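What you see is a predicted model, and the numbers here were worked out from it, not measured in a lab.
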Amino acid sequence: MARHLVTSALPYINGIKHLGNMVGSMLPADVYSRYLRLRGHDVLYICATDEHGTPAELAAKAAGTSVAEFCAQAHDAQKAVYDGFELAFDHFGRSSSHQNVEITQHFARKLWENGFIEERAISQVYSPVDGRFLPDRYVEGTCPHCGYDKARGDQCENCTRVLDPTDLLEPRSAISGSTELEIRETKHLFLLQSRLQHEVEAWVARHEADWPQLSSSIARKWLTEGLHDRAITRDLDWGVPVPADTWPELAAEGKVFYVWFDAPIEYIGATKEWADAAPDGETRDWKSWWYEADDTVRYTQFMAKDNVPFHTVMFPATELGVREPWKKVDVVKGFNWLTYYGGKFSTSQKRGIFTDAALETLPADYWRYFLIANAPESDDSSFTWEHFAATVNKDLADTLGNFVNRVLSFSRKRFGDEVPAGATAGEAEARLGEEIARLLTEYEEHMDTLQYRKAAAALRALWSAGNSYLEEKAPWLEIKTNPDGAALTLRTAMNLIHLYAIVSEPLIPTSAAAMRGAFALEADTATWVTPEEAKSLTTIQPGTPFTVPPVLFAKITDEDLESYRERFGGSDA
């Protein structure tokens with residue numbers, strides 16, 4: 001079987017993420033990783049918190065703590081939420097780790113040796129009151145385009161226009177609030193992406209056929225506009241230090257690498273963290289996943305569209321420039337935005353549903369299924385409570401949950417706590433097997449090609465096939481005249497429940513475990529069901545003890561909806 005490396009865009013450290021962040025990177029990566037593992041592949045799913053940059057320092061200042069302490073606490077808080085969502089990372093690391101420091105500095109030295117980094121003097125905002133140069137986000141002021149008075153030096157959040165600190169009207173320091181700012185000259189390191197333009201173009205051309213159109217079009221847009229040399233250092237107290245053995249003057253000034261440079265390298269750093277964290281007696285080879293691995297590893301990245309340029313153009317340029325055989329991505333799965341009643345989710349403005357609040361409201365499987373079934377793939381998709389409730393009630397409660405409950409409850413009532421034997425499978429069971437095999441093949445195809453909405457639709461169709469079979473056979477009527485026939489129907493339906501438990505696990509792992517655990521099998525080691533195996537539906541044998549699990553999915557009532565809208569806002573959000 002193949003080796004699959006899976007990464008999702010690193011969630012930034014400043015606060016709990018909203019549902020848009022979840023569906024745009026980590027959740028689809030988890031679903032894909034779970035699917036691959038079930039199919040028997042060797043999978044490594046890596047993620048981490050992105051902990052450097054100005055926002056981390058500002059968030060720590062607002063919290064009244066050191067940046068290191070703030071990041072450690074925020075990392076643990078985010079990890080607890082992701083555990084609640086059942087995200088099965090092999091490792092969830094931190095970009096502030098010493099492993100990432102070492103590898104980032106190694107990359108920088110190699111780029112310097114190969115002529116792709118140079119020192120340049122630039123003009124930058126300096127605050128005499130603070131005694132330091134101010135990076136973009138440390139400068140606040142009034143946007144010259146829309147008049148928003150809390151615009152940052154890199155971008156106005158109100159009108160989204162990209163800015164330079166010198167564009168702001170009435171600029172002030174975000175640290176002290178001082179308006180006594182100066183423009184001074186300072187030196188920084190620049191990555192000469194312009195010299196790598198043709199190599200990146202050739203690399204994209206070799207790989208973009210495997211990418212969704214969203215990812216390839218964004219990459220092409222950036223390449224058409226031309227790659228520009230970009231500063232990769234900043235004047236901050238928190239970050240990967242510029243190594244003194246290569247740039248002693250800049251190191252003495254306290255320069256650190258810019259977050260966009262070191263964050264993608266953390267995919268490699270976090271893999272080394274995973275290897276270094278191996279328990280006694282276990283050896284993990286991190287380098288085989290990343291170094292000279294083009295022919296042995298398939299690498300898939302997941303991210304929202306704003307991160308696509310960094311992973312299709314800028315990080316590949318970095319990897320190409322070091323002139324070492326580091327693994328580059330094979331597939332970049334980009335996502336559009338999930339909106340909240342048509343408006344943007346916003347971490348800074350606390351608009352929308354955040355992942356911790358989601359878990360306080362309903363179990364993770366409700367959210368996992370809805371988000372994947374409505375993933376913003378070809379275009380943006382909108383979250384509304386009405387749509388969410390309709391999806392949960394129809395697909396999860398009625399189609400799947402009701403099927404499981406009525407099959408097991410009716411069989412226990414009429415035949416006891418063991419799977420009944422009954423008659424030999426007949427024409428209806430043969431038709432069902434063919435239909436299940438066809439739908440399972442369709443489901444596999446969509447999962448293999450990362451088409452999540454289509455995959456969820458195929459899974460829903462698998463669940464519906466069981467209901468159609470049950471309605472056709474009507475065991476509640478059949479038992480009156482043909483008890484053996486009713487027993488066959490129920491035994492077949494129980495085999496469907498077991499099959500559903502296996503193939504539904506990538507989307508709804510907790511509920512899948514409950515379905516699988518309903519049957520007291522001596523050794524339930526099934527990882528996947530092939531379409532050919534699905535035709536027979538004979539895994540659960542007569543005499544197997546079973547229990548009726550608690551209700552898998554409770555319906556969302558009108559009263560529930562009213563309370564959710566009151567708490568989170570509705571159409572006027």
Side-chain angles (χ1 to χ4, degrees), residues 2-13 17 21-37 41-52 75 78-79 82 85 87-97 99-100 103-104 107 203 207 210-212 214-215 218-219 259-277 284-291 293-294 296-319 326-335 375 447 450 452 506:
R3 302 176 79 211
H4 286 267
L5 175 64
V6 178
T7 63
S8 51
L10 310 186
Y12 199 69
I13 196 66
K17 305 298 114 177
N21 297 122
M22 178 62 69
V23 72
S25 57
M26 290 171 285
L27 179 57
D30 178 72
V31 169
Y32 186 53
S33 298
R34 286 177 176 275
Y35 168 73
L36 291 173
R37 292 187 187 108
H41 296 294
D42 187 7
V43 180
L44 187 64
Y45 176 24
I46 294 293
C47 193
T49 39
D50 181 2
E51 300 187 6
H52 294 138
H75 170 87
Q78 286 197 25
K79 180 62 164 57
Y82 304 146
F85 267 87
L87 301 184
F89 304 116
D90 286 287
H91 187 74
F92 185 69
R94 303 179 59 187
S95 68
S96 60
S97 69
Q99 292 91 342
N100 193 41
I103 298 171
T104 297
F107 269 48
W203 177 81
H207 291 83
D210 292 330
W211 301 351
L214 177 65
S215 300
I218 290 174
V259 62
W260 75 261
F261 181 73
D262 82 84
I265 297 172
E266 167 59 6
Y267 297 128
I268 306 173
T271 309
K272 190 171 189 301
E273 293 173 48
W274 162 78
D276 291 345
R284 296 172 178 172
D285 182 8
W286 70 273
K287 210 165 187 178
S288 68
W289 290 94
W290 283 102
Y291 202 80
D294 282 345
T296 59
V297 174
R298 183 166 179 81
Y299 179 18
T300 308
Q301 290 179 337
F302 294 82
M303 68 204 61
K305 58 187 174 184
D306 57 333
N307 272 315
V308 168
F310 294 98
H311 295 77
T312 59
V313 175
M314 297 168 72
F315 185 48
T318 296
E319 289 187 292
W326 293 98
K327 177 66 183 177
K328 300 169 194 66
V329 67
D330 295 299
V331 180
V332 179
K333 175 63 175 181
F335 289 87
M447 290 291 279
L450 305 176
Y452 286 96

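- Of the inter-residue distances, the one linking Y45 atom OH with H4 atom NE2 reads 15.5 Å to the nearest 0.5 angstrom.
- D30 contributes a side-chain N or O that, together with a main-chain N or O of A88, makes up a donor-acceptor pair within less than 3.5 Å.
- The closest donor-acceptor contact from the side chain of R94 to the backbone of E51 lies at 3.5 Å or more, if one exists at all.
- One distance of note links CZ of F335 with NZ of K305; it measures 12.5 Å at 0.5 Å rounding.
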| message | Is there a side chain to side chain donor-acceptor pair (under 3.5 Å) between H311 and Q301? Walk through the geometry before answering. | response | CA-CA 8 Å; H311 295 77; Q301 290 179 337; 4.8 Å; no
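- Using a 4.5 Å cut-off on side-chain heavy atoms (C-beta onward), L87 and M22 make contact.
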| query | Where do V43 and R34 land on the side chain to side chain contact (heavy atoms under 4.5 Å, CB included) test, with the steps shown first? | reply | CA-CA 9 Å; V43 180; R34 286 177 176 275; over 6 Å; no
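- Nearest heavy atoms, G93 versus E273: CA-OE1, 3.2 Å.
- The two residues A270 and A48 make their nearest non-hydrogen contact at CB-CB, 4.4 Å.
- Looking at Q78, its side chain does come within 3.5 Å of a backbone N or O of Y12 through a donor-acceptor pair.
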| task | Give the C-alpha distance, both sets of side-chain angles, the deciding distance and a yes or no for side chain to side chain contact (heavy atoms under 4.5 Å, CB included) between W211 and T312. | result | CA-CA 10 Å; W211 301 351; T312 59; 3.8 Å; yes
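- V31 places a side-chain heavy atom less than 4.5 Å from the side chain of M447.
- Of the possible polar contacts, one joining the K328 side chain to the W326 backbone as a donor-acceptor pair under 3.5 Å is found.
- Checked against the 6.0 Å centroid criterion, the rings of W290 and Y299 qualify as a close aromatic pair.
- In plain terms, the two heavy atoms of V329 and W203 that are nearest each other are O-CZ2, 3.4 Å.
- The CG atom of D50 sits 7.0 Å away from atom CG of D262, with the distance rounded to the nearest 0.5 Å.
- A donor-acceptor pair under 3.5 Å links the side-chain atoms of N100 to the main chain of S95, judged by distance alone.
- To the nearest 0.5 Å, the span separating CZ on F85 from NZ on K17 amounts to 14.0 Å.
- To the nearest 0.5 Å, atom OG of residue S288 and atom NZ of residue K327 are 12.0 Å apart.
- A side-chain donor-acceptor contact under 3.5 Å links K333 to the backbone of L450.
- Taking 4.5 Å as the limit, some side-chain heavy atom of V331 sits within range of a side-chain heavy atom of R298.
- Using a 4.5 Å heavy-atom threshold, the side chains of D285 and K287 count as touching.
- Across all non-hydrogen atoms, the minimal contact from T271 to Y267 is OG1-O, 2.7 Å.
- Between W289 and I268, the closest side-chain pair of non-hydrogen atoms is not below 4.5 Å.
- You'll find the side chain of S25 stays beyond 4.5 Å of the side chain of P11, heavy atoms only.
- Checking side-chain atoms of Y452 against main-chain N and O of P28 turns up a donor-acceptor pair under 3.5 Å.
- In terms of heavy-atom proximity, D210 sits nearest to D330 at CB-O, 4.1 Å.
- Closest approach of M26 to S8, counting heavy atoms only: CG-OG, 3.5 Å.
- Between V332 and M303 the shortest side-chain heavy-atom distance falls below 4.5 Å.
- Rounding to the nearest 0.5 Å places CG of L27 at 12.0 Å from CG of N21.
- S215 contributes a side-chain N or O that, together with a main-chain N or O of G334, makes up a donor-acceptor pair within less than 3.5 Å.
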